[in-house]
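Positions are given from 1, in the same order as the sequence printed here. Basis for what follows: all heavy atoms, side chains included, without hydrogens, waters or symmetry-related copies.
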Amino acid sequence: MASEELAQKLQRRLQLEESEEAAKDEEAAAKGEEAAGEEAERSCLTASAGAELSAKLCRRQDINEGAAQPRRAAVFNPYTEFKEFSRRQIKDMERMFRLYDSGRDGYIDLMELKLMMEKLGAPQTHLGLKNMIKEVDEDFDGKLSFREFLLIFHKAAAGELEEDSGLLTLAKLSEIDVSIEGVKGAKNFFEAKVQALSSASKFEAEIKAEKDERKREEEERKHRRAAFRELKSAFTQ
């Protein structure tokens with residue numbers, strides 16, 4: 001009887017040891033898989049970081065060699081960057097840009113530029129249109145942003161465009177005609193203007209003029225409403 005009891009105890013002991021050994025093996029296997037996963041993840045992250053760094057270094061090299069230009073911020077202040085133009089001129093340019101930006105995506109693409117030149121009465125060839133965009137396309141995306149559109153008039157005013165340039169034709173025929181100031185003589189004109197009047201005071205004067213204009217329009221609307229009420233009152237009596 002004692003021998004059977006001892007045998008049962010020994011068997012239970014062996015089963016317990018086997019269970020503990022199996023649990024240890026499973027735990028070790030799980031840790032091994034986890035370690036392998038972490039190692040694979042680190043390898044992927046390292047490869048990704050390496051590829052990103054490599055791309056940045058390649059672009060920096062292109063910029064240094066002149067094959068690419070630094071990316072500019074998407075948002076800019078045209079009034080401070082293009083000080084040679086008045087607020088009214090820039091707003092006129094913005095209205096024209098939006099008029100021909102039929103896609104409403106903030107860019108004038110090749111087909112929209114084609115339509116613009118046709119509307120201005122100076123149609124261009126496909127190659128001519130591509131060359132026009134290329135002259136001011138700083139980010140090489142094949143279309144004109146509003147800043148690049150302003151560059152057309154900046155270059156025209158500074159006399160930096162060739163006589164047969166499609167961009168100069170655009171500047172001359174557009175509603176914002178820089179030839180009024182003198183296309184080639186505009187640079188001297190603007191330099192003299194800056195010397196005579198500081199940009200800050202000029203900016204403040206234009207804002208005041210706009211406020212006065214809005215105030216005058218509001219007063220006119222009030223007078224029209226008052227006159228309409230008087231007229232209505234006379235008919236209802």
Provide the closest heavy-atom pair for [X] versus [Y] in the form atom of the first, atom of the second, distance.
| X | Y | value |
| --- | --- | --- |
| Met117 | Gly166 | CE-O, 3.9 Å |
| Thr125 | Gly128 | OG1-N, 2.9 Å |
| Asp139 | Asp141 | OD1-OD1, 2.9 Å |
| Met116 | Ile108 | CE-CD1, 3.6 Å |
| Ala122 | Thr169 | CB-CG2, 3.6 Å |
| Ala171 | Phe153 | CA-CE2, 3.9 Å |

Take Met132 and Gln124 through the test side-chain contact (heavy atoms from CB on, under 4.5 Å) and record every step on the way to the result. CA-CA 9 Å; Met132 287 174 64; Gln124 303 287 313; 3.8 Å; yes

Apply salt bridge (charged side-chain N to carboxylate O under 4.0 Å, His left out) to residues Glu219 and Arg216 and explain how you reach the verdict. CA-CA 5 Å; Glu219 289 176 352; Arg216 184 185 63 78; over 6 Å; no

Where the side chain of Gln89 meets the backbone of Ser86, is there a donor-acceptor pair that is under 3.5 Å apart? yes

Give a yes or no on whether [X] and [Y] share a hydrophobic cluster (residues Ile, Leu, Val, Met, Phe, Trp, Tyr; joining criterion: side-chain heavy atoms under 4.5 Å apart).
| X | Y | result |
| --- | --- | --- |
| Leu144 | Leu115 | no |
| Phe97 | Met111 | no |
| Tyr100 | Leu173 | yes |

Decide side-chain contact (heavy atoms from CB on, under 4.5 Å) for Met96 and Phe149; before the verdict, give the C-alpha distance in whole Å, the side-chain angles of both, and the deciding distance to 0.1 Å. CA-CA 10 Å; Met96 185 181 185; Phe149 185 71; 4.1 Å; yes

Would His126 and Leu110 count as a side-chain contact (heavy atoms from CB on, under 4.5 Å) here? Give the steps. CA-CA 8 Å; His126 183 77; Leu110 190 70; 3.0 Å; yes

Once you round to the nearest 0.5 Å, how far does [atom1] of [X] lie from [atom2] of [Y]?
| X | Y | atom1 | atom2 | result |
| --- | --- | --- | --- | --- |
| Glu160 | Leu151 | CD | CG | 9.5 Å |
| Glu162 | Leu168 | CD | CG | 9.5 Å |
| Arg88 | Ile90 | CZ | CD1 | 12.5 Å |
| Asp92 | Arg95 | CG | CZ | 4.5 Å |
| Lys83 | His154 | NZ | NE2 | 13.0 Å |
| Lys172 | Leu161 | NZ | CG | 10.0 Å |

Test side-chain contact (heavy atoms from CB on, under 4.5 Å) applied to Ile152 and Met93, step by step: CA-CA 11 Å; Ile152 297 173; Met93 295 176 198; over 6 Å; no

Can you tell whether the side chains of Glu112 and Lys143 come within less than 4.0 Å, N to carboxylate O? no

Does the distance from a Lys or Arg side-chain N to an Asp or Glu carboxylate O, for Glu218 and Lys215, drop under 4.0 Å?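 Looking at Lys215 together with Glu218, the answer is no, because their closest N to O distance does not fall below 4.0 Å.
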
Assess whether salt bridge (charged side-chain N to carboxylate O under 4.0 Å, His left out) is satisfied between Glu135 and Lys155, documenting all intermediate values. CA-CA 10 Å; Glu135 283 191 71; Lys155 287 177 176 290; over 6 Å; no

Side chains of Glu81 and Pro78: does their closest heavy-atom pair fall under 4.5 Å? no

